[in-house]
Protein chains: 2
Amino acid sequence: MDKFKIAIVDDHQLFRDGIHSLLSKQDNFEVVISSENGKDFFKKLKKGILPELLLLDLTMPEMNGFEVLLKLKKKYPRIKAIAISMHDDGNYIMQSIRGGAYGYLLKNADEEELLLAIDTVLKGNKYFNQEISQRMINIMSLEGVSPKKLSPKEMEILKLIADGQTTKEIAQKLFISTRTVETHRNNMMKKLEVKNTPELINKAAQLSLL
Amino acid sequence: MDKFKIAIVDDHQLFRDGIHSLLSKQDNFEVVISSENGKDFFKKLKKGILPELLLLDLTMPEMNGFEVLLKLKKKYPRIKAIAISMHDDGNYIMQSIRGGAYGYLLKNADEEELLLAIDTVLKGNKYFNQEISQRMINIMSLEGVSPKKLSPKEMEILKLIADGQTTKEIAQKLFISTRTVETHRNNMMKKLEVKNTPELINKAAQLSLL
DNA sequence: AAAAGTATCCGTATTTATACGGATGTTTTT
DNA sequence: AAAAACATCCGTATAAATACGGATACTTTT
């Protein structure tokens with residue numbers, strides 16, 4: 001009976017080797033690609049080596065995991081990716097899911113959980129443990145009913161506010177009217193559903209906008 | 001020639017085994033303790049098994065790495081600890097150092113760096129790589145010249161401010177005068193060296209006070 | 001092409017924060 | 001025991017944010 005083909009993309013060889021070693025002990029898995037970066041991975045895909053599942057580190061130099069996810073979704077939509085990250089930050093998790101990840105694991109997951117995640121995703125399901133799910137819920141509730149992005153100008157003004165600048169100081173710095181600054185501030189408050197500026201800064205920090 | 005005695009404390013067996021395996025390949029190291037928690041570790045120390053160096057996970061259930069550090073410093077000051085963590089947050093790093101850690105590694109460090117850290121610390125030096133050092137510097141500059149802790153009342157008020165409450169609302173909620181709230185806010189701003197409330201919230205978020 | 005978003009700016013008014021200064025009494029630290 | 005920190009509260013004044021409302025023109029999205 002054929003084994004499931006697995007790919008690993010991670011810039012740390014120690015980690016890749018550890019996973020490779022673990023999966024080699026299983027009867028039903030075979031590591032067919034072990035790449036240290038996304039470019040190498042796609043190069044191997046192009047050669048016709050197609051895994052069913054990818055274990056993907058998010059934090060890599062040059063081409064990060066999110067970029068790999070997006071490209072994978074476009075070019076090889078049948079390959080299912082499980083994101084693996086050091087970061088338990090809800091924003092990372094949400095970005096992975098929006099990028100098409102089928103699962104999310106922290107790098108300190110034990111081998112039992114790793115194998116369970118692989119099994120779950122190979123069956124076509126998504127894998128997020130209790131803690132990860134909780135963080136997703138937290139971020140979703142933080143983002144509000146209809147999450148909205150801040151415009152470039154809003155981001156610029158947000159940072160200046162967070163740095164302690166007053167509306168007058170920001171207006172002078174950006175060569176715009178104080179009323180313009182007020183309008184942007186008000187629009188941000190509406191977008192993030194907060195009632196005043198301290199809460200805006202707090203929420204922006206929680207959403208990793210700062 | 002005698003080997004250096006190393007202890008490992010981490011709740012993930014996969015990680016402990018990986019480190020154990022790696023160190024076993026080295027001629028000059030010997031893993032004498034491999035514990036899944038601090039309690040087991042101290043129990044083994046009590047039996048007279050004394051390593052020169054400890055590789056210590058910070059995030060563990062029940063007795064976390066910081067508690068282990070503090071107890072180690074008191075009871076076995078000759079044992080040098082290297083903190084190992086998923087978190088690259090400067091606050092974790094600073095807390096480790098203040099707790100007596102001789103080094104700090106991220107869990108995704110490669111084997112070369114791990115061995116270098118161990119060597120460095122066994123020689124009596126401290127090991128912090130460039131990135132970790134940078135984060136320390138960032139936090140130190142955030143904390144200002146003379147870092148001050150916020151009092152319990154200040155913390156309470158800080159959270160309410162971050163939640164979008166006005167001075168009047170906080171006063172009503174805590175059954176104190178608005179002037180009292182104003183004084184606390186002003187004192188916090190002085191302690192954290194900021195110029196207004198948005199900057200206070202931003203800095204508090206950066207210092208993980210929220 | 002139409003709608004929505006972005007970036008700009010305004011009048012008027014009220015609320016809130018900040019800035020000076022001050023104070024007392026209790027608790028904790030030195 | 002003395003000093004410092006904490007928690008409480010005040011008068012007066014100014015600055016800043018917020019709250020209502022409104023607007024134009026350009027760019028992007030639908």
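Chain identifiers are assigned alphabetically (A, B, ...) following the order of the sequence lines, protein sequences preceding nucleic acid strands; residue numbering begins at 1 within each chain. Below, all heavy atoms of this structure are taken into account, side chains as well, without hydrogens, waters or symmetry copies. What you are looking at is a predicted structure, and each value in this text was computed from that prediction instead of being measured.
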Residues in side chain to side chain contact (heavy atoms under 4.5 Å, CB included) contact with [X], at least two apart in sequence or another chain:
X: A/Gln172; answer: A/Lys168
X: A/Glu36; answer: A/Arg16
X: A/Lys80; answer: A/Tyr102, A/Val121
X: A/Ala117; answer: A/Ile82, A/Leu105, A/Tyr127

Atom-pair distance ([atom1] on [X]; [atom2] on [N]), nearest Å:
X: B/Met188; N: D/dT8; atom1: CE; atom2: P; answer: 12 Å
X: A/Leu158; N: D/dA17; atom1: CG; atom2: P; answer: 14 Å
X: A/Gln165; N: D/dA17; atom1: CD; atom2: P; answer: 11 Å
X: A/Asn186; N: D/dC20; atom1: CG; atom2: P; answer: 10 Å
X: B/Arg185; N: D/dA17; atom1: CZ; atom2: P; answer: 12 Å
X: B/Lys168; N: D/dT18; atom1: NZ; atom2: P; answer: 16 Å
X: A/Gln172; N: D/dA16; atom1: CD; atom2: C1'; answer: 14 Å
X: B/Lys190; N: D/dA4; atom1: NZ; atom2: P; answer: 16 Å

Problem - Side-chain (A/Asn196) to main-chain (B/Gly164) donor-acceptor, under 3.5 angstrom - result: yes
Exercise for the section: Check whether the side chains of B/Asn37 and B/Glu62 place a donor and an acceptor atom closer than 3.5 Å, and report yes or no. Expected result: no
Completion exercise
Hits for ring pair (Phe, Tyr, Trp, His ring centres under 6.0 Å) against A/Phe66, two or more places apart or cross-chain, chain-then-number order -> A/Tyr92
Handout entry: Heavy-atom check, side chain of A/Ile97 versus side chain of A/Tyr104, under 4.5 Å
Key = no
Handout entry: Sequence neighbours excluded, every pair satisfying ring-ring contact (aromatic ring centres under 6.0 Å, His included) that has a member inside residues 190-210 of chain A
Key = none
Handout entry: Overall bend - the helix from C/dA1-D/dT30 to C/dT30-D/dA1, comparing terminal axes fitted on five pairs, nearest 10 degrees
Key = 80°
Exercise for the section: Give me the residues of residues 194-206 of chain A where at least one heavy atom lies under 4.0 Å from an atom of DNA chain D, by number, or none. Expected result: A/Asn196, A/Thr197
Pairwise N/O distances under 3.5 Å, protein to nucleotides 3-10 of chain C:
from	atom 1	to	atom 2	distance (Å)
C/dT6	OP2	A/Lys191	NZ	3.3
C/dA7	OP2	A/Ser151	OG	2.2
C/dT8	OP1	A/Lys153	NZ	3.4
C/dT8	OP2	A/His184	NE2	2.9
C/dC9	OP2	A/Ser177	N	2.6
C/dC9	OP2	A/Thr180	OG1	2.6
C/dC9	O5'	A/Thr180	OG1	3.3
C/dC9	N4	A/Thr183	OG1	3.0
C/dC10	OP2	A/Ser177	OG	2.7

Could you list all N or O pairs between the protein and nucleotides 24-30 of chain D that sit under 3.5 Å apart?
none

Completion exercise
Residues pairing under salt bridge (charged side-chain N to carboxylate O under 4.0 Å, His left out) where one sits in residues 135-145 of chain A, two or more places apart or in two chains, turn out to be A/Asp88-A/Arg135, A/Arg98-A/Glu143, A/Glu131-A/Arg135
Side chains of residues 199-210 of chain B: which donor-acceptor pairs under 3.5 Å do they make with residues two or more places apart or in other chains?
from	atom 1	to	atom 2	distance (Å)
B/Glu199	OE1	B/Lys195	N	3.0
B/Glu199	OE1	B/Lys195	NZ	3.3
B/Asn202	ND2	A/Ala162	O	3.2
B/Lys203	NZ	B/Leu142	O	2.7
B/Lys203	NZ	B/Leu192	O	3.1
B/Ser208	OG	B/Asn91	ND2	3.0

Problem - From A/Ile79 atom CD1 to A/Leu56 atom CG, the distance as rounded to the nearest 0.5 Å - result: 11.5 Å
Handout entry: B/Lys43, NZ: over 12 other non-hydrogen atoms inside 6.0 angstrom
Key = no
